[in-house]
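Single-structure report; data block below.
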Amino acid sequence: FIRNIHEIRALIEPFLTQWFVRHHRESDLKALERQQQVYDEAVEAGKLEDTHQINRDFHAIMYDGHYNSEALLIAYRHTDLIGALAD
């Protein structure tokens, strides 16, 4: 099951990310940089329990403007499943 999720994610994430690269705004890039800093700070502080949500928020910056709602549903459902299994 986990292998299947990772195989699908390996297909969906590049698709969503490539679209973002072609359609992003400068403010999106700044938001990504800020979110990366938040993630790095959480790791440095040992707040690993916060990293799942921070990672999800990072990807949301790239994915939420995408037109393909089915790809988004799959990506977020898989992210949530992996996060739940990791807890």
Side-chain angles (χ1 to χ4, degrees):
F1 176 72
I2 299 297
R3 182 191 67 212
N4 293 346
I5 286 175
H6 282 288
E7 287 176 354
I8 301 238
R9 285 174 57 117
L11 297 170
I12 289 176
E13 288 189 14
F15 168 70
L16 295 170
T17 302
Q18 287 171 2
W19 184 88
F20 172 79
V21 168
R22 290 191 303 269
H23 297 93
H24 72 277
R25 297 175 308 241
E26 188 64 30
S27 61
D28 297 325
L29 293 179
K30 292 198 182 305
L32 283 177
E33 289 175 356
R34 281 192 305 274
Q35 199 62 25
Q36 182 64 51
Q37 289 173 343
V38 169
Y39 184 89
D40 292 344
E41 290 168 5
V43 170
E44 284 181 30
K47 296 181 179 179
L48 299 181
E49 66 278 2
D50 296 343
T51 58
H52 174 69
Q53 185 60 48
I54 295 167
N55 183 53
R56 194 179 199 290
D57 294 343
F58 178 90
H59 285 87
I61 294 166
M62 292 190 295
Y63 297 171
D64 282 351
H66 203 282
Y67 65 90
N68 190 322
S69 60
E70 290 301 316
L72 292 172
L73 286 172
I74 292 168
Y76 285 131
R77 182 173 55 234
H78 287 177
T79 296
D80 292 342
L81 280 169
I82 289 170
L85 292 170
D87 288 341

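In this chain, residues are counted from 1 in sequence order. Below, all heavy atoms of this structure are taken into account, side chains as well, without hydrogens, waters or symmetry copies.
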Which value, rounded to the nearest 0.5 Å, describes the distance between [X] atom [atom1] and [Y] atom [atom2]?
X: D57; Y: L32; atom1: CG; atom2: CG; result: 11.5 Å
X: R34; Y: Q36; atom1: CZ; atom2: CD; result: 13.0 Å
X: I74; Y: I8; atom1: CD1; atom2: CD1; result: 6.5 Å
X: Q37; Y: E44; atom1: CD; atom2: CD; result: 10.5 Å
X: Y39; Y: Q53; atom1: OH; atom2: CD; result: 13.0 Å
X: L72; Y: I12; atom1: CG; atom2: CD1; result: 9.0 Å

Is the side chain of H24 donor-acceptor paired with the backbone N or O of V21 at a distance under 3.5 Å, no angle test? yes
Please assess T17 against Y63 for the test side-chain contact (heavy atoms from CB on, under 4.5 Å), listing each intermediate value before the final yes or no. CA-CA 7 Å; T17 302; Y63 297 171; 3.9 Å; yes
Evaluate the side-chain proximity of Q35 to N55: yes if any heavy-atom separation is below 4.5 Å, no if none is. no
Apply the test side-chain contact (heavy atoms from CB on, under 4.5 Å) to residues T79 and H59: give CA-CA distance (whole Å), side-chain angles for both, the deciding distance (0.1 Å), then the verdict. CA-CA 10 Å; T79 296; H59 285 87; over 6 Å; no
Is there a side-chain contact (heavy atoms from CB on, under 4.5 Å) between F15 and L11 once you walk through the steps? CA-CA 7 Å; F15 168 70; L11 297 170; over 6 Å; no
Pair listing, side-chain hydrogen bond (donor to acceptor under 3.5 Å, both in side chains) test, anchored in residues 66-78, at least two apart: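 Sorted pair list: D64-Y76.
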Evaluation steps, side-chain contact (heavy atoms from CB on, under 4.5 Å), between R9 and I5: CA-CA 6 Å; R9 285 174 57 117; I5 286 175; 3.8 Å; yes
For A42 versus I54, what's the shortest heavy-atom pair and its separation? CB-CD1, 3.7 Å
A71 and L16: which non-hydrogen atoms are nearest, and at how many Å?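 Smallest heavy-atom distance, with atoms named: CB-CD2, 4.1 Å.
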